[in-house]
Amino acid sequence: MVLRAMERRTKTRVMPKQAETEITLRDVTVRYKMAGGGTKTVLHRLNAEIRAGEFVAVLGETGCGKSTLLRMVLGQEFPSDGAVTVDGKPVTRIDARCGYVPQKYALFPDRTVMQNVLYGPENAFCGWMGRLLPRFWRFRRELRAEAAQLLLRMGLKAADFGKYPMQLSGGMQQRVAIAQALLMRPPVLLMDEAFSALDPLTRSSLQQQMKDLWMETKPTVLFVTHNTSEALLLATRVLVLKPHVEGETESNVLMDMQVPHTNEPLAVRKRTREFEQLREHVKQCAFRETETGLIAGATTAQVQEMPRRGDAAE
Ligand SMILES: Nc1ncnc2c1ncn2[C@@H]1O[C@H](COP(=O)(O)OP(=O)(O)OP(=O)(O)O)[C@@H](O)[C@H]1O
Ligand SMILES: [Mg+2]
């Protein structure tokens, strides 16, 4: 009887149904205490309604608060003012429905690739008591098969599954962290520069995989990137943030734009004239070129006055 009750419980906990999940940011302000006294405002009066199944790319120059925003939705930190809600409920602790790929990959150094990927779901299975259930071993077999499939899709080889993180390159560790976040098909995916450590070829292939995976289960995604093309290829909506300047009353959302969704392979999409125009539009409206790259905050007029250089954001 107890075992039956546990099985019923685990069934719902281990394989959550793909839920419709929307995220709301209402007047979200984040202030950090500074070491020498005083505070620094990072996010200021951020408002956004992110509908279930939207793929939102978050762009903006370094330090404007992109990672902070993801941590607020995850429930790792909380706003100083305003509210973040997921499915209409305020976020009060780390939300198990969120798959999270942090900016710095965080794998257990003493666990193999496969053990790292399985760690979360196995522990969600009623702790050690759950392991007494025959269902656990069936579930583990299925999960292992799914994890293997996902790791292969991420470009790892079967021979890598038994390796430890220190035996892998940074890019490979990053791909393991992505597989880890995707395994349970979470209804919300928070990805912080998940592809930044990858070479251009692997990055293109993972972008296509990411798009395909999103099309399969339609999670709600917040995807931080510094790459304008990547944002426009993957996302259905682009949010560009700019750093908050003390004393400014406006929000630090510089641009909030819907992106037309197409089913073309990304390699084809990238070469279309429509895509090129879209990319130019975002760059002209939201970014300003400097010696070191593109930074958020330009007006169209400012950019038009500047001589063109190579695309520093790609
Ligand atoms: N816990 C903290 N305490 C104090 N300041 C913090 C804390 N976390 C972040 N900050 C500051 O908040 C600002 C925004 O940080 P955040 O990591 O969100 O930026 P980002 O947009 O993700 O930048 P990047 O593109 O470089 O990753 C930075 O100036 C950072 O130093
Ligand atoms: Mg960051």
Side-chain angles (χ1 to χ4, degrees), residues 23 25 27-48 50 56-84 91 93-95 98-107 170-171 173-174 177-178 181 188-198 203 210 221-232 234-235 237-248 250-256 282-283 286-298 311-314:
I23 300 165
L25 310 168
D27 271 338
V28 170
T29 296
V30 177
R31 283 181 289 270
Y32 287 118
K33 284 204 174 82
M34 304 236 279
T39 58
K40 172 185 173 156
T41 304
V42 176
L43 297 176
H44 184 66
R45 306 199 64 141
L46 214 67
N47 282 291
I50 297 164
V56 183
V58 184
L59 289 157
E61 72 188 81
T62 188
C64 67
K66 303 179 295 296
S67 300
T68 305
L69 171 62
L70 259 54
R71 291 196 299 270
M72 298 291 145
V73 177
L74 180 66
Q76 204 173 44
E77 288 179 39
F78 306 100
S80 317
D81 286 316
V84 181
V91 175
R93 58 191 167 124
I94 291 192
D95 193 330
C98 295
Y100 178 48
V101 184
Q103 191 165 357
K104 288 203 180 72
Y105 33 83
L107 300 178
Q173 290 186 41
Q174 189 73 321
I178 297 168
V188 177
L189 254 177
L190 307 170
M191 301 179 74
D192 199 349
E193 299 192 39
F195 297 165
S196 63
L198 305 174
R203 189 168 185 153
M210 187 66 217
V221 185
L222 279 182
F223 185 93
V224 171
T225 177
H226 280 284
N227 187 306
T228 316
S229 290
E230 181 168 89
L232 293 170
L234 294 177
R237 179 173 172 185
V238 166
L239 208 60
V240 184
L241 304 183
K242 65 178 173 119
H244 175 72
V245 177
E246 287 305 328
E248 255 183 20
E250 65 194 52
S251 139
N252 43 343
V253 174
L254 189 66
M255 185 184 216
D256 187 352
V282 172
K283 277 165 59 180
F287 292 101
R288 172 162 62 91
E289 277 180 308
T290 69
E291 277 308 302
T292 50
L294 294 174
I295 66 166
D311 187 353
E314 303 315 301

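Just so we're clear, the structure is a prediction, and the values are computed from it rather than from any experiment. Side chains included, hydrogens not; waters and symmetry mates left out as well; all remaining heavy atoms used. Atoms within a ligand are numbered from 1 in the order they appear, just like the ligands themselves.
Under 4.0 angstrom from ligand 1, there are no non-hydrogen atoms of Glu77. If you look at Glu193 next to ligand 1, the close heavy atoms, those under 4.0 Å, all belong to the side chain.
A search for ring pair (Phe, Tyr, Trp, His ring centres under 6.0 Å) contacts involving Phe223 returns Phe55, Phe195, not counting sequence neighbours.
When distances from atom 30 (C) of ligand 1 to the protein are checked, no heavy atom turns up under 4.0 Å.
Atom 22 (O) of ligand 1 has its closest protein heavy atom at Ser67 OG, 2.8 Å. From the protein, the heavy atom lying nearest to atom 9 (C) of ligand 1 is Tyr32 CE1, 3.5 Å. From the protein, the heavy atom lying nearest to atom 12 (O) of ligand 1 is Val42 CG2, 3.2 Å. Among all non-hydrogen protein atoms, the one lying nearest atom 27 (O) of ligand 1 is Gln103 NE2, 2.8 Å. The single protein non-hydrogen atom nearest to atom 23 (O) of ligand 1 is Gly63 N, 2.8 Å, given as residue, atom name and distance. Protein heavy atom at the shortest distance from atom 26 (O) of ligand 1 is Thr62 OG1, 2.3 Å. Scanning all protein heavy atoms for the shortest distance to atom 25 (O) of ligand 1 gives Lys66 NZ, 2.7 Å. For atom 18 (O) of ligand 1, the closest non-hydrogen atom on the protein side is Thr68 OG1, 2.5 Å.
Ligand-side atoms of ligand 1 in range of Gly65: 14 (C), 18 (O), 19 (O), 20 (P), 21 (O), range being under 4.0 angstrom from any heavy atom. Applying the 4.0 Å criterion to heavy atoms of His226 picks out, from ligand 1, the atoms 25 (O). With ligand atoms numbered from 1 in the order given, ligand 1 contributes 8 (N), 9 (C) to contacts under 4.0 Å with heavy atoms of Arg71.
Leu69 has its side chain within reach of Leu25: a pair of non-hydrogen atoms, C-beta onward, lies under 4.5 Å apart. You'll find the side chain of Arg237 reaches within 4.5 Å of the side chain of Ile50, heavy atoms only.
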message = Please evaluate residues Val42 and Asn252 with respect to the criterion side chain to side chain contact (heavy atoms under 4.5 Å, CB included), reporting the C-alpha separation (whole Å), side-chain torsions for both, the decisive distance (0.1 Å), and the verdict.
response = CA-CA 9 Å; Val42 176; Asn252 43 343; 5.9 Å; no
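Between the Asp95 side chain and the Leu74 main chain, no donor and acceptor come within less than 3.5 Å of each other. The closest donor-acceptor contact from the side chain of Glu193 to the backbone of His226 lies at 3.5 Å or more, if one exists at all. Listed for the Ser80 side chain is a donor-acceptor partner under 3.5 Å among the backbone atoms of Arg31.
No more than 12 heavy atoms of other residues, nucleotides or ligands lie within 6.0 Å of CZ in Arg45, so this atom counts as exposed by the packing criterion.
Using a 4.0 Å cut-off between charged side-chain N and carboxylate O, Asp192 and Lys66 make no salt bridge.
At least one heavy atom of Lys40 sits less than 4.0 Å from an atom of ligand 1.
The CD atom of Gln76 sits 15.0 Å away from atom CZ of Arg93, with the distance rounded to the nearest 0.5 Å.
Centred on the Mg ion (ligand 2), the angle running from Ser67 (OG) to Gln103 (OE1) is recorded as 80°, rounding to 10°.
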